[in-house]
Number of protein chains: 2
Amino acid sequence: MGRATRKIEILHAASKIVSERGIFNLTLEATAIEAGVSKGGLLYHFPSKEALVKGMVDHLAENYRDKIAASVAESSKEKGKWIKSYADVTFNNPYPNKEMHAGLLAAKAVNSDLLDPIRNLYNEWQTEIEQDGIDPVKATIIRLATDGIWLSELFDIHHLSEERKEEVYSKLKSWIDE
Amino acid sequence: MGRATRKIEILHAASKIVSERGIFNLTLEATAIEAGVSKGGLLYHFPSKEALVKGMVDHLAENYRDKIAASVAESSKEKGKWIKSYADVTFNNPYPNKEMHAGLLAAKAVNSDLLDPIRNLYNEWQTEIEQDGIDPVKATIIRLATDGIWLSELFDIHHLSEERKEEVYSKLKSWIDE
DNA sequence: GAAAAAAAACCGTCCAGGTAGTATAGTGAA
DNA sequence: TTCACTATACTACCTGGACGGTTTTTTTTC
């Protein structure tokens, strides 16, 4: 195992526990076991539980930022690059979203301040989205609708049928180009 | 204090703790103190922590259902009653939303199955919204956008300016009537 | 390039503090 | 008499974090 890898394995283990067993089962020992590391080893990398959760959030914020940035860079659009990328990445990536959910829930439970990197992300994106060549109100609505899908996945509240989801996705995309 | 009142006071106290101090501080003792009840008294009404959280969710689901139903009943619209009511209630009621946030987070942390009443609510609403006389895809997008506002409030992720929020709200409403 | 030293990456146990839930004895009101 | 509590004590358990090692890797020295 490479150097940086171990820390990230631990973060994945922590996310997995939150996703599958809930926040109350995110204990240092459980995380250590899930990651195949001793408790002491875990505490070497993350000297406290808060540090562990901070690690989760920082890591996923970085990932998410990269993903969106890559999508923007790839885009050949003139208008609506950012909102298009935001919608694409969020609609079509169930897996990283799971880690996102785990990170958010953990941070909210442990210490809301840990969410700051996410807040920064959203502030950046909202700025870009509003200056992206399309009506900012419409762009904001597209973002909000995308976030709405997210909310229902986070709590497993209401799953739209794949078909309806696709229709929603298409309609939102059509608004970007009209 | 009347009979039913005490239970509800306890539920409010629990929500308050979750909102202000986070899930990890929702202990039986803290809830009892916040509600001005002894621990024994609390356990008389809710024999376990899970029962307490179940109480929170059930109570808020009932409340939310009533609120939406009342708004629908009041409405003189022919088309889009449900989506209009859903958007109105959710946009304009910061306070019950706080209880909703607390209940959802607590249930998600303690036992996801406790969210079932909320799932039922959303299933009902989605059915009504899709049969409410306006394009179901558009109606769904309005619901999702409303939920998006919700998500950002839940995590304090990104607060739209009041102005932009108002513009979004107006545009969503205009879509209902067009 | 081998040995020695130092730093990094761990291991595993212990403990103080906190928590859910039980138990129990009693109180006042309807 | 029952309901809706109060007040307190107690248990059994779990958890974060401290701590003192040990092993592995890297760097330095000869």
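Below, each value reflects all heavy atoms present in this structure, side chains not excepted, and no hydrogens, waters or symmetry copies. Predicted, not measured: the structure shown is a model, and the values here were computed from it.
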Would you list the atom pairs, donor with acceptor, under 3.5 Å between side chains in residues 18-29 of chain B and any protein atom, with sequence neighbours excluded?
{"from": "B/Ser19", "atom 1": "OG", "to": "B/Ser15", "atom 2": "O", "distance (Å)": "3.1"}
{"from": "B/Arg21", "atom 1": "NH2", "to": "B/Glu34", "atom 2": "OE1", "distance (Å)": "3.2"}
{"from": "B/Asn25", "atom 1": "ND2", "to": "B/Arg21", "atom 2": "O", "distance (Å)": "2.6"}
{"from": "B/Thr27", "atom 1": "OG1", "to": "B/Ala30", "atom 2": "N", "distance (Å)": "3.1"}

- Query: According to the interplanar angle, ranging from 0 to 90°, do the rings of A/Trp175 and B/Trp175 count as parallel (below 30°), tilted (30 to 60°) or perpendicular (above 60°)?
  - Reply: tilted

- So which heavy atom on B/Asp58 is nearest to which on B/Pro117, and how close? OD1-CG, 3.3 Å

- To the nearest 0.5 Å, what is the distance between CG (B/Leu160) and CD (B/Glu153)? 9.0 Å

- Determine, for B/Tyr169 and B/Lys173, whether the Lys NZ or Arg CZ falls below 6.0 Å from the six-membered ring centre while staying within 45 degrees of the axis. yes

- Task: Mind running a 4.0 Å heavy-atom check of residues 48-56 of chain B against DNA chain C and sending the residues that fall below it, in number order?
- Result: B/Ser48, B/Lys49

- Please report the C-alpha distance between B/Glu99 and B/Met56 in whole Å, then the side-chain angles of each, then the deciding distance to 0.1 Å, and finally whether the side-chain contact (heavy atoms from CB on, under 4.5 Å) criterion is met. CA-CA 8 Å; B/Glu99 292 225 323; B/Met56 291 170 75; over 6 Å; no

- Query: Roughly how many Å is it from CG in B/Leu43 to P in C/dA23, rounded to a whole number?
  - Reply: 12 Å

- Task: For B/Phe46 and C/dG21, give me the distance from atom CZ to atom P, rounded to whole Å.
- Result: 14 Å

- Dot-bracket line, read 5' to 3' along DNA chain D, where crossing pairs take [ ] and | marks a partner on another strand, Watson-Crick or G-U under 3.5 Å: ||||||||||||||||||||||||||||||

- Query: Any side-chain N or O of B/His45 under 4.0 Å from OP1/OP2 of D/dC5?
  - Reply: yes

- Chi angles and distances behind the side chain to side chain donor-acceptor pair (under 3.5 Å) call for B/Glu167, A/Thr140: CA-CA 10 Å; B/Glu167 288 172 321; A/Thr140 298; over 6 Å; no

- Starting from P on D/dT15, measure out to CD1 on A/Ile33 and report it in whole angstrom. 10 Å

- Donor-acceptor pair, side chain of B/Thr90 and main chain of B/Tyr86, under 3.5 angstrom: yes

- Task: Output the residues of residues 10-24 of chain A in contact with DNA chain D, where contact means a heavy atom of the residue under 4.0 Å from an atom of the strand; sort by number or write none.
- Result: none

- Task: Round to a whole Å and report the spacing from CG of A/Asn25 to C1' of D/dC13.
- Result: 15 Å

- When the distance from CD of A/Glu29 to P of C/dC14 is rounded to whole Å, what number comes out? 13 Å

- Task: Please determine if B/Arg65 and B/Glu62 form a salt bridge, counting it only when a charged side-chain N lies under 4.0 Å from a carboxylate O.
- Result: no

Listed pairs, N/O of protein and of nucleotides 6-8 of chain D, under 3.5 Å:
{"from": "D/dT6", "atom 1": "OP2", "to": "B/Ser38", "atom 2": "N", "distance (Å)": "2.8"}
{"from": "D/dT6", "atom 1": "OP2", "to": "B/Ser38", "atom 2": "OG", "distance (Å)": "2.9"}

- Find the distance A/Lys7:NZ to C/dC10:P and express it as a whole number of Å. 11 Å

- Task: Taking the six-membered ring for Trp and the full ring for Phe, Tyr or His, determine whether the centres of A/Phe155 and A/Trp150 are under 6.0 Å apart.
- Result: no

- Task: Show your working on side-chain contact (heavy atoms from CB on, under 4.5 Å) between A/Lys16 and A/Lys98 and close with a plain yes or no.
- Result: CA-CA 9 Å; A/Lys16 198 177 172 202; A/Lys98 276 226 157 183; over 6 Å; no

- Interatomic distance where CG belongs to A/Leu28 and P belongs to C/dG12 [whole Å]: 16 Å

- Should B/Asp177 and B/Lys79 count as an ion pair when the cut-off is N to O under 4.0 Å? no

- Task: With sequence neighbours excluded, give me every salt bridge (Lys or Arg N to Asp or Glu O under 4.0 Å) pair touching residues 131-143 of chain A.
- Result: A/Asp135-B/Lys171, A/Lys138-A/Glu178, A/Arg143-A/Asp147

